[in-house]
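Worksheet for the structure shown next.
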Amino acid sequence: MVKDDRSYTKQLVDNIMELPNAAIILNEVSIKLDEERKKRAKFYNDITEQEKAEFINGEIIIHSPVKMEHNDATGSLYKLISVFNDKNKLGYVGYKKIMISLTRNDYEPDICFFDKSKSVKFKKGQSLFPAPDLIVEVLSKSTTKNDRGIKFKDYQAHQVLEYWIIDPLKSMVEQYRLNTKGTYKLILKARKGTLESKAIIGFIIPIESIFDENINLETLEKILNTSA
């Protein structure tokens with residue numbers, strides 16, 4: 001948890017403890033969390049590889065099929081990150097259905113990256129993964145609220161170093177990075193220019209390579225032809 005979250009939590013606890021019915025409130029919260037844990041266990045048991053599903057604040061979210069522009073942007077960026085990672089052996093890249101299991105919620109980001117210190121601990125058959133170093137969410141009409149809301153807060157609270165939000169309709173990239181206080185700071189919001197990752201050391205691409213097929217292929221060639 002970040003420092004600001006700890007301060008907020010302490011203040012919230014102090015406020016509850018001032019109430020005469022604090023014990024009743026905490027008991028109700030405990031009951032609700034126990035019910036949520038049981039529902040989450042059932043979620044793990046019931047989900048299949050055929051569907052993209054997430055568990056958010058006690059609710060099971062089944063995602064609709066994506067639009068073509070969402071698929072194109074996700075695939076183009078994944079291709080660049082994956083090839084760069086494979087060539088430089090930096091870690092592990094997850095795509096679409098890698099489930100990130102955080103303290104309370106489970107997400108399936110469009111793209112995520114784990115550095116080698118985390119990925120060397122992964123095992124064959126593993127289906128739940130810890131907080132990665134980079135998460136990319138590509139916006140769609142049904143996901144925008146969560147991508148900018150609960151996910152933003154949860155990724156920050158679990159110290160995901162970088163969070164990229166991509167708007168495929170506007171060909172726009174927003175790059176958030178943890179600052180020294182452990183909170184996200186917007187360091188880039190643009191349609192053109194250069195996108196450089198701190199989580200994936202040395203990964204630098206033109207923003208247009210995410211949205212333009214020809215620029216994507218040119219960038220991929222540069223990655224393949226550059227010495228590791």
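Excluded from the calculations below are hydrogen atoms, water molecules and symmetry mates; all remaining heavy atoms, backbone and side chain alike, are included. These figures come from a predicted structure and were not determined experimentally.
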Taking atom types as modelled, find out whether Glu137 and Tyr107 have a side-chain donor-acceptor pair closer than 3.5 angstrom.
-> no

Do any N or O atoms from the side chain of Asp115 and from the backbone of Lys118 form a donor-acceptor pair under 3.5 angstrom?
-> yes

Counting distance only, does the side-chain N/O of Glu54 pair as donor-acceptor with the main-chain N or O of Asn105 below 3.5 Å?
-> no

Atom pair CG/CD of Asn57 and Glu36 - distance to nearest 0.5 Å | 6.5 Å

Tyr176 ring center within less than 6.0 Å of Phe152 ring center = yes

Heavy-atom closest pair (Ser119 atom, Tyr92 atom, distance to 0.1 Å) is CB-CB, 3.6 Å

At what distance, to the nearest 0.5 angstrom, does CG of Asp167 lie from OG of Ser140?
-> 10.0 Å

Path from Leu195 to Phe211 over hydrophobic side-chain contacts below 4.5 Å = yes

Any chain of hydrophobic side-chain contacts (each under 4.5 Å) joining Ile135 to Leu188?
-> no

Closest non-hydrogen contact found for Met172 with Lys189 is SD-CG, 3.8 Å

Test item: Thr219 side-chain N/O and Ile215 main-chain N/O as donor-acceptor pair under 3.5 Å | yes

What is the minimum heavy-atom distance between Ser101 and Leu128, and which atoms define it?
-> CB-CB, 4.2 Å

Tell me the side-chain hydrogen bond (donor to acceptor under 3.5 Å, both in side chains) pairs involving residues 13-22, sequence neighbours left out?
-> Lys10-Asp14, Gln11-Asn15

Electrostatic pair Asp133:Lys116 at N-O distance under 4.0 angstrom | no

Separation between CD (Gln156) and NZ (Lys185), nearest 0.5 Å, reads 13.5 Å

Side-chain contact, heavy-atom cut-off 4.5 Å: Asp110 with Lys52?
-> yes

State, to 0.1 Å, how close Tyr155 and Pro109 come at their nearest heavy-atom pair, and which atoms those are.
-> OH-CG, 4.1 Å

Less than 4.5 Å apart, any side-chain heavy atom of Thr226 and any of Phe84?
-> no

Are more than 12 heavy atoms from other residues, nucleotides or ligands located less than 6.0 Å from atom CD of Gln126?
-> yes

Tell me the ring pair (Phe, Tyr, Trp, His ring centres under 6.0 Å) pairs involving residues 15-63, sequence neighbours left out?
-> Phe43-Phe55

Side-chain touch Ile207/Lys192, heavy atoms, less than 4.5 angstrom | no

Heavy-atom closest contact (Val93 atom, Ser82 atom, distance) | CG2-CA, 4.3 Å

Reported CD1-to-CG distance for the pair Ile187 and Leu178, which is rounded to 0.5 angstrom = 10.5 Å

Identify every side-chain donor-acceptor pair in residues 67-74 under 3.5 Å, counting partners at least two apart or on other chains, and give the distances.
| unit_1 | atom_1 | unit_2 | atom_2 | d |
| --- | --- | --- | --- | --- |
| His70 | NE2 | Val138 | O | 2.9 |
| Asn71 | OD1 | Lys96 | NZ | 2.8 |
| Thr74 | OG1 | His70 | O | 2.8 |

Got Arg148 and Leu139 here, is their nearest side-chain heavy-atom distance under 4.5 Å?
-> yes

Between Ser197 and Glu162, is any side-chain donor less than 3.5 angstrom from a side-chain acceptor?
-> yes

Report yes if some heavy atom in the side chain of Tyr163 is under 4.5 Å from a heavy atom in the side chain of Asp147; otherwise report no.
-> yes

Could you state whether Ile100 and Trp164 fall into the same hydrophobic cluster, counting links through intermediate Ile, Leu, Val, Met, Phe, Trp or Tyr residues with side-chain heavy atoms under 4.5 angstrom apart?
-> no

Side-chain contact, heavy-atom cut-off 4.5 Å: Leu77 with Ile205?
-> yes

Could you tell me whether the side chain of Asn179 and the main chain of Thr183 form a donor-acceptor pair under 3.5 Å?
-> yes

So does Lys145 have more than 12 non-hydrogen atoms from other groups sitting under 6.0 Å from NZ?
-> no

Kindly compute the distance separating CZ (Arg177) from OH (Tyr184), expressed to the nearest 0.5 Å.
-> 11.5 Å

Please round to the nearest 0.5 Å and tell me the distance separating atom CZ of Phe203 and atom CG of Asn88.
-> 10.5 Å

Determine yes or no for a side-chain-to-main-chain donor-acceptor pair under 3.5 angstrom, with Lys87 supplying the side chain and Leu224 the backbone.
-> yes

Might you work through the side-chain contact (heavy atoms from CB on, under 4.5 Å) test for Ile60 and Ile62, ending with a clear yes or no?
-> CA-CA 7 Å; Ile60 297 171; Ile62 305 296; 4.0 Å; yes

Main-chain N/O of Glu221 paired with Asn225 side-chain donor or acceptor, under 3.5 Å | yes

Tell me, do Pro132 and Val160 make a side-chain contact under 4.5 Å, heavy atoms counted?
-> yes

Would you call Leu80 and Leu220 a side-chain contact if the rule is heavy atoms closer than 4.5 Å?
-> yes

Show your working on side-chain contact (heavy atoms from CB on, under 4.5 Å) between Lys79 and Ser209 and close with a plain yes or no.
-> CA-CA 11 Å; Lys79 184 164 50 179; Ser209 66; over 6 Å; no

Where do Asp34 and Arg37 land on the side-chain contact (heavy atoms from CB on, under 4.5 Å) test, with the steps shown first?
-> CA-CA 5 Å; Asp34 186 56; Arg37 281 190 289 269; 3.9 Å; yes

In the single-linkage hydrophobic clustering (I, L, V, M, F, W, Y; side-chain heavy atoms under 4.5 Å), do Val136 and Ile150 co-cluster?
-> no

Would Tyr95 end up clustered with Ile81 when hydrophobic side chains under 4.5 Å apart are linked, directly or stepwise?
-> yes

What heavy-atom pair brings Phe122 and Pro130 nearest, and what distance separates the two atoms?
-> CE2-CD, 3.8 Å

What do the steps show when you test Ile204 against Thr194 for side-chain contact (heavy atoms from CB on, under 4.5 Å), and what is the final call?
-> CA-CA 7 Å; Ile204 306 172; Thr194 299; 3.1 Å; yes

